[in-house]
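Since we're looking at a predicted model, the values are computed, not measured. The figures that follow rest on heavy atoms only: side chains count, while hydrogens, waters and symmetry mates do not. Every chain is numbered from 1 and lettered A, B, ... according to where its sequence line falls, protein lines coming before strand lines.
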Protein chains: 2
Amino acid sequence: MSTAEETAGGEAHAWGEVTPDAARRLLIAAVEAFAERGYHATTTRDIAGRAGMSPAALYIHYKTKEELLHRISRIGHEKALEILRTASRREGSATERLADAVSSFVRWHAGGRTIARVVQYELDSLGPDARAEILALRRQVDAEVRGVIEEGARSGEFQVIDVHGTTLAVLSLCIDVARWFSLDGPRTPEEVGELYADLVLRMVGAVGAGASDGATQK
Amino acid sequence: MSTAEETAGGEAHAWGEVTPDAARRLLIAAVEAFAERGYHATTTRDIAGRAGMSPAALYIHYKTKEELLHRISRIGHEKALEILRTASRREGSATERLADAVSSFVRWHAGGRTIARVVQYELDSLGPDARAEILALRRQVDAEVRGVIEEGARSGEFQVIDVHGTTLAVLSLCIDVARWFSLDGPRTPEEVGELYADLVLRMVGAVGAGASDGATQK
DNA sequence: GCCCACACTAAGCGCTCGCTCACCTTCGGC
DNA sequence: GCCGAAGGTGAGCGAGCGCTTAGTGTGGGC
């Protein structure tokens, strides 16, 4: 069996901010287990075992199993928000920024599929307080994408009828990548990111998008 | 508390094929519970309670809790496949058929949100044999949508670079509706269906799609 | 070289889970 | 009007759950 760090740790997420070392190993083990089996089907014994520790060791670093999910969810959402902010606030046209946002957001959902699955699908397993905190982060994610689409629509770059609905659809498309993507599949995260960026530009009616020669972005 | 039939039964799915009556009530109760809390977080006592029966009654009609999920999953996937087949095999242009398929598929995911959630997100909770059976149905769903997109691409109606990837994205968009849609939200299932049909026609580069006046379909 | 704070383990507590079993109704066939 | 099958119940089993507690090894400060 491989250790937790060889699999989830290789997913381009540093987890550097989590200390001490044992707490980080437990967190990575929990991300893996939650992504594979779901929060409720994962036992604390399984998490501790993946981290190479006894079941009781978990409770030295975390108060409950739910605290693990809460921490994972917050770190993941903060990372997702950072990715979208970087893309949407750089210089460039709305078209360029939307394409960048979608492709990098999709790359994160595909490449870091284990954490993305936990972030996107285990939200309901959190208690009311923790869920409320995470939902606030999600509203910021939504606002970031909506902002770019709104700008493009106002400037005439995009042809959008329903900005809120289209924002929802764009995020929806990106998020669902975490459900179906597999590293064993025929596509790399980069390829899916590029394809999806092109599809989204078509959805918003960006000028020049959807031409027969393919993507307008590189 | 309301009974199972008042809520999930009102979701425009007949469940008529399930007999006897007690078995149907249990199935509807299970759909509700699985959709709300997830398969693993749902107890057999909860299901039986919602159906107004004792915990032991469940085992007269079903061998295990997993058999309930299997039955629900198969019925749901068959319904989904039927919806897509009806739309994709009717007469009309590829544009009309794709718009019809997307809008009716989305309406089903939004209006029948409880069963759609179970169908789309509890697949991994099935055992290997049951999952294999359901995956075969999902390949048929995929093929149905891909067929329409392929026809439109071949005839020149659509401008599609990657047929498989675009099919994946279209289905992805529809399926994710089950995750976020709420009847308490600002949109009706019909409105989302129309919006999404328009967005999908833009994605495939259908001629006339994405004009400033909105949807090309009614 | 002693000591204690710290990280960790072995054992197990109380509870709830999926599921079973002995028994009880109800009801159509004759 | 008796009878067996079908459908239901109350009680509870064995297992595994989240989590706790008493005790152990260890490394830095003095």
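Distance from the side chain of A:Pro55 is smallest to D:dC19 among C:dC19, D:dT9, D:dC19. The side chain of B:Met53 lies closest to D:dG8, out of C:dT20, D:dG8, D:dC19. Considering only the side chain of B:Ala56, C:dC21 comes nearest among D:dC19, C:dC21, C:dC19. The side chain of A:His61 approaches C:dC8 more closely than any other nucleotide in the set C:dC17, D:dA11, C:dC8. Listed nucleotides: C:dG18, D:dT21, D:dG10. Nearest to the side chain of B:Ser54: D:dG10. Of the candidate nucleotides D:dC17, C:dG18, C:dC8, C:dC8 has the atom lying nearest to any side-chain atom of A:Ala57. Of the candidate nucleotides C:dT9, D:dG8, D:dG18, D:dG18 has the atom lying nearest to any side-chain atom of A:Lys65. Each of C:dC19, C:dT9, D:dC19 was ranked by its minimum atom distance to the side chain of A:Arg45; first place goes to D:dC19.
The cationic group of A:Lys65 does not satisfy the cation-pi geometry with A:Phe34, failing either the under 6.0 Å distance to the six-membered ring centre or the 45° limit from the ring axis.
Judged purely by distance below 3.5 Å, without hydrogens or angles, the side chains of B:Glu133 and B:His70 pair a donor atom with an acceptor atom. Of the N and O atoms on the side chains of A:Arg179 and A:Gln120, not one donor lies less than 3.5 Å from an acceptor on the other residue. Side-chain contact annotation: A:Glu144 with A:Ser88, donor-acceptor N/O pair under 3.5 Å present.
In summary, of the residues considered (B:Arg138, B:Glu82, B:Gln140), a side-chain hydrogen bond (donor to acceptor under 3.5 Å, both in side chains) with B:His77 occurs for B:Arg138 alone.
If you check every strand for non-hydrogen atoms under 4.0 Å, B:Thr43 touches sugar and phosphate atoms only.
For B:Tyr59 and D:dG8, the OH to C1' distance is 16 Å, given to the nearest whole Å. Across the protein-nucleic acid pair, A:Leu58 atom CG and C:dA7 atom P stand 15 Å apart, rounded to whole Å. Distance B:Tyr62 OH to D:dG8 C1': 16 Å, rounded to the nearest Å. C:dG18 atom P lies 17 Å from atom CD1 of B:Ile60, rounded to whole Å. Rounded to whole Å, atom P of D:dG18 lies 8 Å from atom CD1 of A:Ile47. Going from atom OH of A:Tyr39 over to atom P of D:dG18 covers 8 Å, rounded to whole Å.
At least one side-chain nitrogen or oxygen of A:Thr44 sits closer than 4.0 Å to the OP1 or OP2 atom of D:dG18.
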